[in-house]
Structure formats: structure tokens, C-alpha cells
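Reading through the C-alpha cells given below for one structure.
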Amino acid sequence: DAGVIQSPRHEVTEMGQEVTLRCKPISGHDYLFWYRQTMMRGLELLIYFNNNVPIDDSGMPEDRFSAKMPNASFSTLKIQPSEPRDSAVYFCASGRGFTYEQYFGPGTRLTVT
Amino acid sequence: AQSVTQPDIHITVSEGASLELRCNYSYGATPYLFWYVQSPGQGLQLLLKYFSGDTLVQGIKGFEAEFKRSQSSFNLRKPSVHWSDAAEYFCAVGAGQAGTALIFGKGTTLSVSS
């Protein structure tokens, strides 16, 4: 199994630009999670999906952030417009129901200048 | 509310010495507990987990952890640390409906000296 795949691995963009982060979960997993990691705030859960349906988006910082999961093998996290304070490492993780086990991708390091 | 506390931000251990990383949780019911490791520039890797049963659980890379309900703790141990163990370690508790969110501690950075 290839594990959770995220792209791009690094993204540098200017303030105000739209940023789209992509994630392919492990096949057969029915949960998908998006996290953000910063030095100041640690690892924060942004949103998670079950069977492609968003279950809890209370961690999404503001309306500039949106996430979709159009099918079981693909999810996106979009920031529009981006701001310097969005600079962080964004992780996608997937898991199988009733186990709590989550498998993380390598992350996308986002820098907004 | 559920929470996880890792009291030590940074620990330095000599290579070959034993290691114990502390984790305390706050959760009303029987918790599902995890330890993850993150190497620089990498994602988090699951080291071990506790769901029920034997309170001493074995994980990958020679790590083990002991669940102590009376102390609300789930400390991670390794008898002999290798230089490759230098990384950040996260304790997490599964909360709410099964299969859903994990609550992570702030992490402990482990440095290994030669």
C-alpha cells in the first residue's frame, strides 16, 4: 500500500492567492482527516469526513478555508484568499471506522508571503 | 472535556540509556490511547496503541507503553535509545464516537546525545 498521498509537498504563494492542497487516502479507509501543525498551536484538527461526508468542521479557522471529498479516493483543502498566518504544515490522515487508528500523509508545507 | 498533557517539551537522553516520555490524559470513559512519532520533515507514524486488555502494550521500534488508570497516564518507554530515535513524540486519546477524532498532546522532542 502506498500510504496516504499528499500533494504538493511544498507550496510557496503570495498573500491573497488561492491555495489547494490534495490528499489521496489509503484505499478502504472510510475516515479522512485534515490537520494543521504550527509551532505555536501544535497539531490542530481542521475537519474530518466519514464516507465522503463532512462530519465536523468546527476546527476550520474561518470561511477562507473549505474542504471537499468528492469521492472515496480524493480530498482537497482550499484556502482562498491565503494569508501569511496560514503558513503551516497541513497533514491529511485516513482511518478505518471504529479503530481510531489514523495514518498520516507526509504533509504539505505551506508558506504564504 | 478530553485533553492530553505531555509535561516535557524537550528531553535529551544519551544513546544506550533508557527513555520514558510522560503522557497524562483527561477522559471520563475508558480511553483509546496512542503514541505517534514524527521525524523531521515527515508525517506522524503510529508507534503503538491501547484499546483494552493488557495494560502494557508493545509497539514498533522496541517501544512499549503502560496504561495506568489510577494515574490517568500512558507513558512511553524504551530500554535502550538509539540515535535514530531522535524525533518528536505525540500522545493522543481517541474521544467521542469510535473512529473519529484524536486529541493530541503538544509533543515531546527527544534529542539523543552520543
Side-chain angles (χ1 to χ4, degrees), chain A residues 1-10 21 23-26 28-51 53-60 88-110, chain B residues 1-10 21 23-25 27 29-53 57-60 65 67 74 87-109:
Chain A
D1 199 322
V4 176
I5 299 172
Q6 291 187 248
S7 64
R9 293 293 310 275
H10 302 273
L21 311 181
C23 175
K24 176 178 170 56
I26 294 172
H29 284 186
D30 54 350
Y31 281 87
L32 184 139
F33 306 83
W34 281 101
Y35 290 89
R36 178 173 67 176
Q37 185 180 41
T38 61
M39 289 291 293
M40 290 294 295
R41 301 174 68 91
L43 199 61
E44 303 174 278
L45 176 65
L46 300 178
I47 184 172
Y48 73 90
F49 296 81
N50 178 216
N51 293 321
V53 176
I55 302 300
D56 185 353
D57 64 354
S58 60
M60 297 285 261
V89 180
Y90 291 81
F91 288 103
C92 175
S94 70
R96 198 175 290 119
F98 302 104
T99 68
Y100 285 106
E101 289 185 38
Q102 296 182 21
Y103 295 85
F104 282 73
T108 296
R109 181 173 295 277
L110 173 65
Chain B
Q2 300 90 350
S3 65
V4 176
T5 303
Q6 293 180 248
D8 304 305
I9 296 174
H10 190 189
L21 300 182
C23 172
N24 294 97
Y25 67 90
Y27 187 63
T30 300
Y32 294 77
L33 295 162
F34 302 80
W35 276 99
Y36 283 83
V37 61
Q38 184 181 26
S39 298
Q42 303 296 314
L44 280 70
Q45 181 184 18
L46 180 63
L47 275 178
L48 49 79
K49 60 185 183 287
Y50 170 78
F51 284 177
S52 64
V57 294
Q58 303 296 321
I60 62 172
F67 170 58
F74 188 57
E88 189 159 18
Y89 292 80
F90 293 91
C91 182
V93 61
Q97 182 181 356
T100 57
L102 290 176
I103 297 173
F104 285 87
K106 295 293 188 186
T108 298
T109 299

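In the text below, chain A, chain B and the rest are named by the order of the sequence lines, each starting its count at 1. Quick caveat, the model's predicted, so the values are computed rather than measured.
In terms of heavy-atom proximity, B:Gln38 sits nearest to A:Phe91 at NE2-CZ, 3.2 Å. When all heavy atoms of A:Phe104 and B:Leu44 are compared, the pair lying nearest together is CB-O, 3.4 Å.
Side chain of B:Lys106 to main chain of A:Arg41: a donor-acceptor pair is present (N/O by atom type, distance under 3.5 Å, no hydrogens or angles).
Here the CZ-CD distance, from B:Phe90 to A:Gln37, works out to 5.0 Å after rounding to the nearest 0.5 Å.
Between A:Tyr35 and B:Leu102, some side-chain heavy-atom pair lies under the 4.5 Å cut-off. Counting only heavy atoms from C-beta outward, the side chains of A:Glu101 and B:Phe34 approach each other to under 4.5 Å.
B:Ile9 CD1: 12 or fewer foreign heavy atoms inside a 6.0 Å radius.
With sequence neighbours excluded, the residues that form a ring pair (Phe, Tyr, Trp, His ring centres under 6.0 Å) with A:Tyr103 are A:His29.
Considering only heavy-atom pairs separated by less than 4.5 Å from chain B, the leading option among A:Cys92, A:Pro106, A:Gly107, A:Gly42 is A:Pro106.
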